[in-house]
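Comments concern the structure below.
The shown structure was predicted, so the numbers you read here are calculated from the model rather than taken from an experiment. As the structure lists them, so they are numbered: ligands from 1, and atoms in each ligand from 1.
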Amino acid sequence: MKRIALVALALLAALVLVACGGAGPATPAASGLPADAAAVAQARGLTADDVYAAMKTYTPSGKLDPYIMIASGGQSGQVLVVGLPSMRILKVIGVFTPEPWQGYGFGGSGDAILAGGKVNGKEVLWGDTHHPSISETNGTYDGQFAFINDKANARLAVIDLRDFSTKQIIKNPNAINDHGGAFVTPNTEYVIEGPQYAAPLGWQYAPLDQYKEKYVGLVTLWKFDRLKGRVDPSQSFQIELPPYWQDLCDAGKGPSDGWFFCNSFNSELAVGGVELGQPPFEAGTTKNDTDYLHIFNWKKAAEVFQAGKAEKINGMAVIRLKTAIAEGLLYFSPEPKSPHGSDVTPGGEFIVVGGKLDPHVTIYSFDKIMAAIKAGELGKDQYGVPVIPLNQAMEAQVELGLGPLHTVFDDKGYAYTSLFLDSAVARWSLGGPYANKHPEKAWSLVQKLPVQYNIGHIAALEGDTATPGGQYVVALNKWSIDRFANIGPLLPQNFQLVDISKGGDQMKVLYDMPVGMAEPHYAQIIKAERLKPFEVYPEIGWNAETMSKDPNATLKQEDAKVVRTGNTVEIWMTVIRSHYVPEQVKVKKGDHVIWHLTSLERARDATHGFALSGYNINLSIEPGKTETIEFVADQAGTYSYFCTEFCSALHLEMLGYFLVEP
Ligand code: K7E
Ligand code: CUA
């Protein structure tokens, strides 16, 4: 403790020195403190801001980060877990893509989870992850589960935050891609999976000249069974939409609980075809000045589904567009121009929509939307969906700059919007019930902080919940150009940590974190204290897929055995520092092998691996875990199985021979 205080003081001294121009070598006499820190700052050419940033982010060895960021891993198909403010990567969770360290997809239970993501029977072993969503209770992260979508194949994954591993992948039976997911309702009743590019209903073929009649948008409400920790497709349903490209969604909360909102684009119904002399998509989809904000009543939609007013298509309940309109489940309101992002304020009063080609964010009032719906007499779009005029739904517009995309919130009555073209984070002041939280005029730009370069999403500490924190914003930047040493033409993405702890125009960039894998789109930041992960699995013989005791657990070394029944050889093996029991397994070529491995370890971090040469098998066996592999011993020969985690001084001796007799 004393040491930490000393270092902090020394850094402060350096800060003072540098701030005062830093002239002359620092002497202990001048500062009354050790000269080392001041000397380091001077030798490295650190400015006062740099020293401040270092002190805000430096996390001494052994100290824990108070915040955890769950970030999309983009087209790696994985999810990143990052500590804040240190910006240290703690884990890369295998989700849609096999991950060998975690033994995910190499013979163990991860195989079955990945198989849930087959597309029409075809294995698809990657994903384009976009939006992670932590489960919520009363609109606040509860730290139990996380969900993420795969844009490329319209799939949804469930991650259990007790062990930070994937438990379920589910393929949307009627969509080939998605985007506006995963977003949860305030008590995680449903996980919303919004669509992206329209396609014929039921995933059928139809030529593009039938786009207007045959193509549809489709939003999915996946029912989440919290006790089972799984999405339940039989209680889930979809709503058919016009073939606009629905984009980002967010659920209402507080007064707007029961509703959700998605922005959309391509009200032009463009089908591309630049090679045919038609306008390219980028021109075709941006002709109109406005598209449609989609306003859904999901509570009522759930009742309509329960009442059996949905059609089964590919085994999935679909509420047809006609029904959705007749039952009052869907309304539109115009949104300018080339919209992106749809974000609900912490209290649920307003919806903020960015416009990629409009310098404003547009703020819709939920009360005004409700009043307009009550008053009736709405116009209709070409598919018959009632349209609430913008001037009846709008609360305010705030001019922020070029390319506003996504918005998050803090505890000081500010909103933060990413400006893609400006490469900046805009801080602006909210009005309504937030107006007295900050000194600025309501609905006004407060500060534009340059970031490097082309920011996409933005994440704030619990900044999309009913109870946002403050402290930090993370800018998720697409390009890093000159920020890091040249490592060739494929450059890392860059997370930039921004200090938002002080009000007004005092936001500061604190830290650059290169992401050496794929393009993370969105992230959420949760207080670490809300997470209650296991230190070791709760008991020996724990099945991490079912999250319960495994019937094939081997609880004692003496119970380890090999049993042959006809052509099937079943092995019950124990794993503990530093041996497997048994150490010799003999089978015949062609035998069907079922191999159960149980870790008898109770010590934290005493993880073992299990690699079987030549059979594409690799497991991670954390303390208490039971894993089962099953394969045909189709190649004769002498194989070794060995531990891949350096678990003790005799780790190299942790092996066995697997003999396959010809
Ligand atoms: Cu703006 Cu997929 Cu959320 Cu990327 S999307 S940035
Ligand atoms: Cu167990 Cu190395």
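For the 3.5 Å distance criterion, the side chains of Asp512 and Gln496 qualify, holding a donor opposite an acceptor.
Atom 3 (Cu) of ligand 1 has His131 NE2, His457 NE2 as protein N, O or S atoms under 2.8 Å away.
In this structure, the ring of Trp222 has its center no less than 6.0 angstrom from the ring center of Phe147. The ring of His457 has its center closer than 6.0 angstrom to the ring center of His131. In this structure, Phe332 has its ring center closer than 6.0 angstrom to the ring center of His294. A centroid separation of 6.0 Å or more is found between the aromatic rings of Phe260 and Tyr190.
In this structure, Lys478 has a heavy atom closer than 4.0 Å to ligand 1.
Annotation for Asp605: atom CG does not count as buried by contact number, only 12 or fewer foreign heavy atoms lying within 6.0 Å.
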